[in-house]
Novice: 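Right, I'll just put the structure down here and ask away after.
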Amino acid sequence: MPWHTLLSSGLISAMTLTALNATAAACAANSPTHTVALVELYTSEGCSSCPPADAWLSKLAPRFADQLVALALHVDYWDYIGWKDPYAQAQFSERQRKLGGLSRSTTIYTPEVFAGMREL
């Protein structure tokens, strides 16, 4: 392979790595020195009781930003009733089932909240 082709390939590779490193640095986050709680709200746009829970979580997150990570996870098991939740993912429903099993819950439902892998 000619030297100028190798040089061009090497420069392109170096530029790509530099761009990837810059992107990764821009997306970096640092954990605080203290432990924070993971609060998971299992919700669905097909659930009539979920909007108040969604509002609660959206107010909770900024109020305790340095003490918790708040997640709203949309489940897909309500989609069969005719209102397809565009944010729902089967993996969120599966996670909720697993957490329910770990906490010995007999039922999963929405809205349902877990913190530290325990049902609240």
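All values below come from the heavy atoms of this structure, side chains included, with hydrogens, waters and symmetry mates left out. Here the structure is a predicted model, which means the values were calculated and not measured.
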Novice: Return each pair, listed once, that meets salt bridge (Lys or Arg N to Asp or Glu O under 4.0 Å) where at least one residue sits in residues 108-120; pairs must be two or more places apart or across chains.
Specialist: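 Residue pairs passing salt bridge (Lys or Arg N to Asp or Glu O under 4.0 Å), neighbours aside: none found.
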Novice: Would you mind reporting whether Leu73 and Thr43 have side-chain heavy atoms less than 4.5 Å apart?
Specialist: no
Novice: So among Asp54, Val75, Ile81, which one has a side-chain contact (heavy atoms from CB on, under 4.5 Å) with Ser44?
Specialist: Val75
Novice: Which residues satisfy the side-chain contact (heavy atoms from CB on, under 4.5 Å) test with Glu94, sequence neighbours excluded?
Specialist: Arg97, Lys98
Novice: Give, for atom OG of Ser93 and atom CD1 of Ile108, the distance between the pair rounded to the nearest 0.5 Å.
Specialist: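 So the OG of Ser93 and the CD1 of Ile108 are separated by 6.5 Å.
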Novice: Side-chain contact test, heavy atoms from C-beta onward, threshold under 4.5 Å: evaluate it for Gln96 versus Glu40 and give yes or no.
Specialist: no
Novice: Could you check if a side-chain atom of Ser103 sits within less than 4.5 angstrom of a side-chain atom of Met117, using non-hydrogen atoms only?
Specialist: no
Novice: When Ile, Leu, Val, Met, Phe, Trp and Tyr are grouped by side-chain heavy atoms lying under 4.5 Å apart, directly or through other members, which residues fall in the same group as Val39?
Specialist: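 Members besides Val39, by chain and number: Leu41, Trp56, Leu57, Leu60, Phe64, Leu68, Val113, Leu120.
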Novice: Test of understanding: with side-chain contact (heavy atoms from CB on, under 4.5 Å), list the residues that count as partners of Ala90, not counting sequence neighbours.
Specialist: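 Listed in chain order: Asp76.
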Novice: How far apart are the closest heavy atoms of Ser48 and Pro51, and which atoms are they?
Specialist: O-CD, 3.5 Å
Novice: Do any pairs count as a ring-ring contact (aromatic ring centres under 6.0 Å, His included) and have a residue in residues 87-120, sequence neighbours left out, and if so which ones?
Specialist: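 Qualifying pairs: Tyr42-Phe114, His74-Tyr87.
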Novice: Does Leu38 reach the side chain of Leu71, with side-chain heavy atoms less than 4.5 Å apart?
Specialist: yes
Novice: Between Pro111 and Cys50, which heavy-atom pair has the shortest distance, and what is it?
Specialist: N-SG, 3.8 Å
Novice: With sequence neighbours excluded, tell me which residues meet side-chain contact (heavy atoms from CB on, under 4.5 Å) with Ser58.
Specialist: none
